[in-house]
*Asks:* 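The structure that follows is given in the form of structure tokens.
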Amino acid sequence: MAAKAALLMRVVSASVAVSNRACQIIRDVLKKGELGIVEKGKNDFQTEADRTAQRCIIASLHKQFPKVSIFGEEALDPSEKIPEDLFELGFSDEVLAHDCPEYLKDVKDEEIVIWVDPVDGTAEYTQGLLDHVTCLIGISARGHSVAGIINQPFYNYKAGPDAELGRCIWGIIGLGSFGFTRDVLPKDEFIVTTSRSHSDRLVTETVEACEPTSVVRVGGAGHKVLLLIEGKVHAYVFASKGCKKWDTCAPESVLAAVGGRLTDMHGIKMSYGAGVQRKNTGGILATVSDHDYIVNKVPEHVKEVFDKSVEAQDWPEFELARIQHMNNKDVDQGVKRKKTDTPDSDSSRSTKSDLLADETLDTKL
């Protein structure tokens, strides 16, 4: 099946397969209790899970797609010999069961860049906030984020010692996003998520300017976007230059494939080509709807602090696919809605209490 598929579909399929293997590594390291923590900077940690999972992902994908550029968060020795048992060379049949979107069928190896964050939410991983932890593999083509994998290794970990852990959410713009259930947000609230460990005056001021009714502070860009696509928050607001391309490439595609948007503070979509700078110096704004409204809420003096992101080259077919998602949010996108959900249902209003176990939720800033 893989041999006949378009290159982009094979890359996504292989990425789903290797993300599952990487998440097993992440769980195994925690189970053994030997995290091997290294502090790279303030609130910036690396563990044995980060290192081993990245070796597994990059070595496996490079072996399958040697002409594709791959960038990972962790600085590892490129000359290090990778053990054979770390290679995962399988494919996901779930991905390959879908047809490749027309605009992606002729994408070539040299036009693809893969961005890897092996453990997004490392600080939370070391602190036992396991719902926050994700493994991110983002795929760009011609500078645009077109596909992404958000794998949550500890999903369902509260269900007991015998529970099956983990879930893999993946999406392709022009096809849809898969692997999650969507809730309905209450219309009389406006819930914003932002960082729990990287906050300062600008972050707080920008969140306040959005006039939220409540704020959910969590770790990990991947986790925040999961809250968005699952209907637990309305917006992800992070007025900081701390995020990097491997933090946002995968979440951007998964979000865009259900009609959402992820941009900088100026409302500009970022480029993910091989030559771009790694830092997202324009900050992060992400929404499922009403994105321009949130962009306009950001104070001008805050916007002046942040760079305007470099945009990818024009690609009309890509833009058409993205806009079609925005106009048809739940059509052919693999999104399941809870049958009882309505804007006034109890299930949509239970979102905040569900978050209290692991996250900090403030009713006031």
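Scope of the values below: all heavy atoms of this structure, side chains included, with no hydrogens, waters or symmetry mates.
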*Asks:* Could you check whether atom CG of Asp99 has more than 12 heavy atoms from other residues, nucleotides or ligands sitting under 6.0 Å from it?
*Replies:*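 Atom CG in Asp99 is not crowded, with 12 or fewer foreign heavy atoms closer than 6.0 Å.
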*Asks:* Quick one: do Glu230 and Arg182 make a salt bridge, cutoff under 4.0 Å?
*Replies:*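 No, this pair does not count.
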*Asks:* For the pair Lys224 and Glu124, find out whether any cationic side-chain nitrogen is under 4.0 Å from an anionic carboxylate oxygen.
*Replies:*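 Not counted as a salt bridge, because no side-chain N and carboxylate O are separated by less than 4.0 Å.
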*Asks:* Give every donor-acceptor pair under 3.5 Å between a side-chain atom in residues 252-269 and any protein atom, sequence neighbours left out.
*Replies:*
unit_1 : atom_1 : unit_2 : atom_2 : d
Glu252 : OE1    : Tyr272 : OH     : 2.8
Ser253 : OG     : Ser145 : O      : 3.2
Ser253 : OG     : Ser145 : OG     : 2.6
Ser253 : OG     : Val146 : N      : 3.1
Ser253 : OG     : Ala147 : N      : 2.8
Arg261 : NH1    : Asp292 : OD1    : 3.0
Thr263 : OG1    : His291 : NE2    : 2.8
Asp264 : OD1    : His266 : N      : 2.8
Asp264 : OD1    : Gly267 : N      : 3.0
Asp264 : OD1    : Ile268 : N      : 2.8
Asp264 : OD2    : Ser309 : N      : 2.9
Asp264 : OD2    : Ser309 : OG     : 2.8
His266 : NE2    : Lys303 : O      : 3.4
His266 : NE2    : Phe306 : O      : 2.9
Lys269 : NZ     : His144 : ND1    : 3.0

*Asks:* Please, which pairs that meet salt bridge (Lys or Arg N to Asp or Glu O under 4.0 Å) have at least one residue in residues 304-322, sequence neighbours excluded?
*Replies:*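 Of all non-adjacent pairs touching residues 304-322, those that pass salt bridge (Lys or Arg N to Asp or Glu O under 4.0 Å) are Glu319-Arg322.
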*Asks:* Can you tell which of Ile58, Val113, Ile112, Ile57 makes a side-chain contact (heavy atoms from CB on, under 4.5 Å) with Ile70?
*Replies:*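 The passing option is Ile58.
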*Asks:* Taking 4.0 angstrom as the limit, do Asp117 and Lys244 come out as a salt bridge?
*Replies:*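 Not counted as a salt bridge, because no side-chain N and carboxylate O are separated by less than 4.0 Å.
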*Asks:* Hey, any chance Val295 and Tyr293 share a hydrophobic cluster, counting ILVMFWY side chains that come within less than 4.5 Å of each other, even indirectly?
*Replies:*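 Yes: a chain of side-chain contacts under 4.5 Å links Val295 to Tyr293.
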*Asks:* Hey, can you tell me if Phe318 and Trp315 have their rings parallel, tilted or perpendicular (30° and 60° cut-offs)?
*Replies:*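 Rings of Phe318 and Trp315: parallel, under 30°.
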*Asks:* Measure across Leu30 and Tyr125 and return the closest heavy-atom pair with its distance rounded to 0.1 Å.
*Replies:*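 Closest approach of Leu30 to Tyr125: N-OH, 3.3 Å.
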*Asks:* Kindly compute the distance separating OG (Ser195) from CZ (Arg217), expressed to the nearest 0.5 Å.
*Replies:*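 The OG atom of Ser195 sits 8.5 Å away from the CZ atom of Arg217.
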*Asks:* Measure the shortest side-chain to side-chain distance between Lys63 and Leu89 over non-hydrogen atoms and say whether it is less than 4.5 angstrom.
*Replies:*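 Yes, their side chains come closer than 4.5 Å.
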*Asks:* Minimum heavy-atom separation for Ala53 to Ile26, with atom names?
*Replies:*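 Of all heavy-atom pairs spanning Ala53 and Ile26, the closest is CB-CG1, 4.3 Å.
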*Asks:* Using a strict 4.0 Å threshold on nitrogen-to-oxygen distance, state whether Glu74 and Arg55 make a salt bridge.
*Replies:*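 Result for this pair is no, no salt bridge flagged.
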*Asks:* With sequence neighbours left out, what residues match Lys241 under salt bridge (charged side-chain N to carboxylate O under 4.0 Å, His left out)?
*Replies:*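 Checked Lys241 against salt bridge (charged side-chain N to carboxylate O under 4.0 Å, His left out); zero matches.
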*Asks:* Is the side chain of Gln54 donor-acceptor paired with the backbone N or O of Glu73 at a distance under 3.5 Å, no angle test?
*Replies:*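 Yes; judged by distance alone, with no hydrogens or angles, the pair exists.
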*Asks:* Less than 4.5 Å apart, any side-chain heavy atom of Tyr155 and any of Leu165?
*Replies:*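 Side chain of Tyr155 against side chain of Leu165, heavy atoms only: no contact under 4.5 Å found.
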*Asks:* I want to know whether His98 and Phe178 have ring centres closer than 6.0 Å.
*Replies:*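 They qualify: ring centres under 6.0 Å apart.
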*Asks:* Got a donor-acceptor contact below 3.5 angstrom from the Asp200 side chain to the Val203 backbone?
*Replies:*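 Side chain of Asp200 to backbone of Val203, a donor-acceptor pair under 3.5 Å: yes, one is there.
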*Asks:* For Glu80, does the CD atom sit with more than 12 other heavy atoms under 6.0 Å from it, leaving out its own atoms?
*Replies:*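 Yes, the 6.0 Å shell around CD holds more than 12 heavy atoms from other groups.
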*Asks:* Decide, yes or no, whether a salt bridge links Arg142 with Asp106 under the criterion of side-chain N to carboxylate O below 4.0 Å.
*Replies:*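 Asp106 and Arg142: salt-bridged.
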*Asks:* Taking all non-hydrogen atoms of both residues into account, name the closest pair between Ser271 and Val276 and its distance.
*Replies:*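 So the two residues come closest at OG-CG1, 3.5 Å.
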*Asks:* Nearest heavy-atom pair of Val133 and Gly121: which atoms, and what distance?
*Replies:*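 Taking Val133 first and Gly121 second, the nearest heavy atoms are CG2-O, 3.8 Å.
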*Asks:* Give a yes/no verdict on a cation-pi contact between Arg278 and Phe71, requiring under 6.0 Å between NZ or CZ and the six-membered ring centre and an angle within 45° of the axis.
*Replies:*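 Yes, a cation-pi geometry holds between Arg278 and Phe71.
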